[in-house]
Amino acid sequence: MTDANAAGEILTAQHVMEYPYRRSLGPVLSAFFTGLRDRTILGARTRDGRVLVPPAEYDPETGEATGDLVEVGPAGTVTSWAWVHEPRDVHPLDRPFAFALVRLDGADSALLHTVVVDDKAGMRTGMRVEPRWRDETEGRIQDIECFVPEAGVA
Amino acid sequence: MASQNSPKYNRQVAVIAYAQTPYVRSERRRNEVEMLMPVIAEAVEKSGLPRQEIGFTCSGSSDYIAGQAFSFVGAVDALGAWPPIRESHVEMDGAWALYEAWIKIQTGEVDSALCFCFGRSSMGDPAETMILQLDPYTLAPLGPDAISLAALQARALLDSGRYTSVDLAEVAARSRRNARSNPDAQLVGDLAGEDLLDEPYLVSPLHRYDCPPISDGAAAIVIAAAEVARRVCSRPIWIRGIDHRIEPHQPGARDLTRSPSTRLAAEKAGASDGRIDVAELHAPFTPQELILRDELRLAGDVRINPSGGALAANPLMVAGLARIGEATREIAAGRAQRALAHATSGPCLQQNLVCVLEAD
Amino acid sequence: MADESAIQSIVTPVRMEYTFTPGAASQRFLLGLAAGKLMGQRCPECRKVYVPPRGACPRCGVATRDEVEVADRGTVTTFCIVRVPSENIDLELPYTAAQILLDGADIPFFALIQECPWDQVRMGMRVEAVWRPEAEWGPTFENIRHFRPTGEPDVPFERFQQHL
Ligand SMILES: [Zn+2]
């Protein structure tokens, strides 16, 4: 037994850690997720007029509370992207896709989400994309199934 | 010659000992306590301070890496914490544990401190573990793993026109080449930068070589105020400045090709008050080293990551303190008079710590 | 005007998978269990015996290497009565969970007491391990179903008060 140990047999155990968190939202994220359920995307306007998407409760540059929530997009521009050749189980898509930063029309910051195109050659920085909504929306970031190239744009 | 920016501190504090494990792909034979004990014992012995005289202990680790809630409490078993000691913990890289200990010495409450950190990242999937540090409302549900986020940063940097894929590959090649002379490094190699470009992408535009290995390991450091350091250590290495700064969390709210937090931390730590011989930069992904170099405005002859850096070994929660430790080794070996060490935390270089170290 | 149907909270489950390895001391302990033994380790400095061992003496901060087999019987140092159900425990409520100081060990460890009405468990009570059939043994604590009273006279408090 101890010889087997010395020979390098190491015991292993599979362990799964799960937390079934339910998170309360507060007024800003509540409005954002309610908007997603209703297929609109909201940003928060800072005191100096910039629009943050996803909306933040406070302007990260000044610490001041943000003001009105304004509707943005739904289309926008890819500002950076990463092509996932082999999706992981934790990813929302099971085929190759891009993680992308999308600056929605009317926003000054970019939303991190996914873009689906046929292959990597279909991706480029600056491309125009629009959300593809799930059939059933329930008020979560995954209500946007992914972004896809904007209809009618070459 | 100190500029007006030179930080003014109540007390001069020095590193008096450093120890680390060799970094390995998978530490399967030892648990965290067994991994830490020899490292802590070595650091304490090198410090010349009796264990009971060290005024404060602070550790850095993450329960999500250990797969166990309050895992850091168990690590105290490696300390011999009797009679009861003053102890604290950060759920962060050990570099931030060092910062807390340094503050504790500045307050005058203690004169010396032991900091240690550990991570057996290999028990889980570290790229996915790091998703748990993200905003749980809008980011984490999409599963953007650490490699994918770094790839977004890489693309932004390449798009900026400041660097090319060849520049990234050269960072990888140089890091693994430097690692050959570091007995504790894990990923060691001798590849020419341009040979690498034909390799497949992991998450485009990052190749596997642009990414750090999965590493297990531990490190410990002992610091002391000048009066103690002078008494027990023949060649203390002075912490001339230390500062850390953070940026907004949402990657889309930042210019990912810049690191204003690094620039500001370096300024506050007095990095430009004298010549830097060596810089140990905590850049787990190749584009991050280039971004940091630009922000730190390092002269062309500054030796970057002679240890191989995080691209040669990336034990999570350890790799930042290891940069500080490796910088002290360069000074102790007489290969540098003044060194800059950097540690990062959060996605895409969100938070950055800069520590300026100098020989006696 | 409050929107009655506004989303007030979201569910964000977290799931992570790990492959644990026990480390040297726990591995020896688990392999001991597979052979029907309870193996502890002795501190070279203070001579205390730890079961289960973690590889270090938390008091002295030194490695513990001497292997020591301890008895599968011992003394209840303290206990509690559990009246709340738990997903992982399939026992009739209420039941008794106890700290048991095995003969030869210096720290008690946690185990369940059965074959004894819950209101008769007491500090100082002598108990012994009830093992599963040998054919079912593996490198796991589950080899021991529970502890039960031995019927020996109780141990006076003075003899275990240092081990609470
Ligand atoms: Zn001891």
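Because the structure is predicted, anything quoted here is derived from the model rather than measured. So you know, we letter chains A, B, ... as the sequences are listed, proteins then strands, and number each from 1. Quick note: numbers below take in every heavy atom, side chains included, and nothing from hydrogens, waters or symmetry partners.
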message: Quick check for you: among C:Thr12, C:Val11, C:Thr21, which has the greatest number of heavy-atom pairs under 4.5 Å with chain A?
response: C:Thr12
Can you confirm whether [X] is buried at [atom1], in the sense that more than 12 heavy atoms of other residues, nucleotides or ligands lie under 6.0 Å from that atom?
{"X": "A:Glu18", "atom1": "CD", "value": "yes"}
{"X": "C:Glu115", "atom1": "CD", "value": "yes"}
{"X": "C:Phe109", "atom1": "CZ", "value": "yes"}
{"X": "A:Asp94", "atom1": "CG", "value": "no"}
{"X": "A:Arg103", "atom1": "CZ", "value": "no"}

Looking only at atom types and distance, does a side-chain atom of [X] sit under 3.5 Å from a main-chain N or O of [Y], one as donor and one as acceptor?
{"X": "C:Gln27", "Y": "A:Glu9", "answer": "yes"}
{"X": "A:Ser24", "Y": "C:Ser9", "answer": "no"}
{"X": "A:Ser30", "Y": "C:Ile7", "answer": "yes"}

message: I'd like to know whether A:Gln14 forms a side-chain contact (heavy atoms from CB on, under 4.5 Å) with C:Thr19, so could you lay out the CA-CA distance, the side-chain angles of the two residues, the decisive distance to 0.1 Å, and finally the verdict.
response: CA-CA 5 Å; A:Gln14 293 307 120; C:Thr19 303; 3.2 Å; yes
task: May I have all residue pairs that pass side chain to side chain donor-acceptor pair (under 3.5 Å) and include part of residues 153-164 of chain C, sequence neighbours excluded?
output: C:Arg122-C:Asp154
- request: Show your reasoning for whether side-chain contact (heavy atoms from CB on, under 4.5 Å) applies to A:Leu11 and C:Leu31.
  value: CA-CA 9 Å; A:Leu11 297 170; C:Leu31 292 175; 4.2 Å; yes
message: Check the orientation of A:His15 and C:Phe20. Use parallel for under 30°, tilted for 30 to 60°, and perpendicular for over 60°.
response: parallel
field: Rounded distance (nearest 0.5 Å) linking atom CE of A:Met17 with atom CD of C:Glu17
entry: 12.0 Å
